[in-house]
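Counting from 1, the numbers follow the sequence of the chain as shown.
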Amino acid sequence: MKNIKITRKITQGMYVLTTKEGGCIVDAVSQVSAGDEPLISVAVMKSNYTNELLKKNNKFSLSILSKDVNPEIIKTFGFNTGRKINKFENTKTTKIEEIDVINDSIGYMVCEIVDFIENDTHTLFIGKVIEADVFEEKEPMSYGYYQEHKEELLKVTTQKGKTAWVCSVCGYIYYAEELPEDFRCPICKVGKEYFKKQ
């Protein structure tokens, strides 16, 4: 039996990755070299609009989220697509190296893309750190902490009197009496078995 939930035990943080015109929540971030200009890798889903934007731009920023980050930042950058909304409209940011950095973060790294590697589901972007700073000394939010506290962080409000199906992975809400047999979440692509009726 393969229980892929074990991957939640891998120590990784929660970040807002931004580039020109967009951004998303990521967790698969790693330092791959040291020195004055360390290399940082980040995996971004191919189906994500931010992946498309990264291939048009040569820089990205990673804003490190703390345990007490405003949950609206996670909702905005994690459960919406930049094809439909301006994710920066209600989020305070600072422009650094022409990239929006999230103010409500522990700090940031701005990276210049030096390479990328494609696999079946994600693109691994590798960037050289060209600018970075620490805003506050706070405890970073780990992916494990996010998974354990997801329900309170992502409290969902549904429309009264309507049957709602809520994705237990990303919080997407689908209104209908029943889910179609072949239904998949349009945000995170999981099947109907991950949806809970409310």
Side-chain angles (χ1 to χ4, degrees), residues 11-119 121-143 145-146 153-154 170-171 187-188:
T11 304
Q12 29 190 46
M14 295 289 287
Y15 310 82
V16 178
L17 180 150
T18 51
T19 189
K20 286 181 184 174
E21 300 176 18
C24 64
I25 295 287
V26 293
D27 58 64
V29 173
S30 183
Q31 181 175 338
V32 293
S33 77
D36 291 336
E37 294 181 323
L39 293 178
I40 305 293
S41 69
V42 57
V44 182
M45 282 181 67
K46 286 185 174 182
S47 59
N48 196 311
Y49 181 54
T50 305
N51 188 306
E52 189 179 315
L53 293 174
L54 284 166
K55 288 174 180 169
K56 294 178 184 175
N57 296 300
N58 67 340
K59 292 177 191 168
F60 64 85
S61 172
L62 291 164
S63 297
I64 298 108
L65 302 182
S66 67
K67 282 185 175 180
D68 64 357
V69 68
N70 182 344
E72 290 305 313
I73 289 174
I74 297 173
K75 290 177 188 176
T76 299
F77 286 88
F79 306 124
N80 293 285
T81 174
R83 289 186 178 96
K84 294 185 178 177
I85 72 160
N86 175 0
K87 296 185 182 184
F88 301 108
E89 190 172 24
N90 297 310
T91 306
K92 290 183 180 176
T93 62
T94 300
K95 286 252 193 230
I96 298 171
E97 292 285 332
E98 301 176 5
I99 306 291
D100 285 289
V101 168
I102 307 299
N103 289 358
D104 184 7
S105 67
I106 292 172
Y108 68 91
M109 295 172 277
V110 176
C111 300
E112 185 180 287
I113 297 171
V114 296
D115 203 356
F116 65 90
I117 301 163
E118 302 284 4
N119 66 34
T121 59
H122 288 68
T123 305
L124 186 70
F125 293 92
I126 300 168
K128 175 177 66 177
V129 176
I130 57 172
E131 185 60 66
D133 202 1
V134 176
F135 293 148
E136 293 184 274
E137 292 294 345
K138 288 186 173 180
E139 190 173 354
M141 180 186 293
S142 70
Y143 181 68
Y145 178 91
Y146 167 74
L153 285 167
L154 306 175
C170 75
I187 303 296
C188 67

Contact summary for M109 and I64, nearest pair of heavy atoms: CE-CD1, 4.1 Å

Walk me through whether K46 and T123 qualify under side chain to side chain contact (heavy atoms under 4.5 Å, CB included). CA-CA 6 Å; K46 286 185 174 182; T123 305; 3.9 Å; yes

Rounded distance [0.5 Å steps], CZ in F60 versus OG1 in T18: 9.5 Å

Does S142 reach the main-chain N or O of Y145 with its side chain, forming a donor-acceptor pair under 3.5 Å? yes

Does the N103 side chain pair with the main chain of T94, one donor and one acceptor, at a distance under 3.5 Å? yes

On a heavy-atom basis, the closest approach of K95 and D100 is NZ-OD2, 3.1 Å

Just by distance, do the side chain of S61 and the backbone of V110 share a donor-acceptor pair under 3.5 Å? no

Side-chain (S63) to main-chain (I102) donor-acceptor, under 3.5 angstrom: yes

So does C24 get a backbone contact from the side chain of N48, meaning a donor-acceptor N/O pair under 3.5 Å? no

Hey, does the side chain of T19 reach the backbone of K59 with a donor-acceptor pair shorter than 3.5 angstrom? yes

Determine whether N119 and I117 satisfy the following criterion, side chain to side chain contact (heavy atoms under 4.5 Å, CB included), listing intermediate values before the conclusion. CA-CA 7 Å; N119 66 34; I117 301 163; 6.0 Å; no

The reported gap from CD in E118 to OG1 in T121 (rounded to nearest 0.5 angstrom) is 10.5 Å

Identify the two heavy atoms, one from K87 and one from T76, that lie closest to each other, and give their separation to 0.1 Å. O-CG2, 3.5 Å

Residue of the set E97, E98, E52 for which salt bridge (charged side-chain N to carboxylate O under 4.0 Å, His left out) holds with K20: E98

Between N80 and K75, is there a donor-acceptor pair closer than 3.5 Å when you use the side chain of the first and the backbone of the second? yes

NZ of K128 to CG of D115, rounded to nearest 0.5 Å, is 12.5 Å

Looking at every non-hydrogen atom in both residues, tell me the closest pair between F77 and T91 and how far apart they are. CE1-OG1, 3.7 Å

Do you know which two heavy atoms are closest between A43 and L124, and how far apart they sit? N-CD1, 4.0 Å

To the closest 0.5 Å, what do you measure between CD (E112) and CG (N57)? 12.0 Å

How about M14 and V69: do any of their side-chain heavy atoms sit closer than 4.5 Å? no

Side chain to side chain contact (heavy atoms under 4.5 Å, CB included) between L54 and L17, worked out: CA-CA 10 Å; L54 284 166; L17 180 150; 4.0 Å; yes

In this structure, CG of L65 is separated from CD1 of I73 (nearest 0.5 Å) by 7.0 Å

Which pair of heavy atoms, one from Q12 and one from D27, lies closest together, and at what distance? NE2-OD1, 3.1 Å

First locate atom OH of Y146, then atom CD1 of I25, and finally report the distance between them rounded to the nearest 0.5 Å. 8.0 Å

With no hydrogens and no angle check, is any side-chain donor or acceptor of N51 less than 3.5 Å from a backbone partner on V44? yes

Decide yes or no on side chain to side chain contact (heavy atoms under 4.5 Å, CB included) for I113 and I126, but give the supporting numbers first. CA-CA 6 Å; I113 297 171; I126 300 168; over 6 Å; no

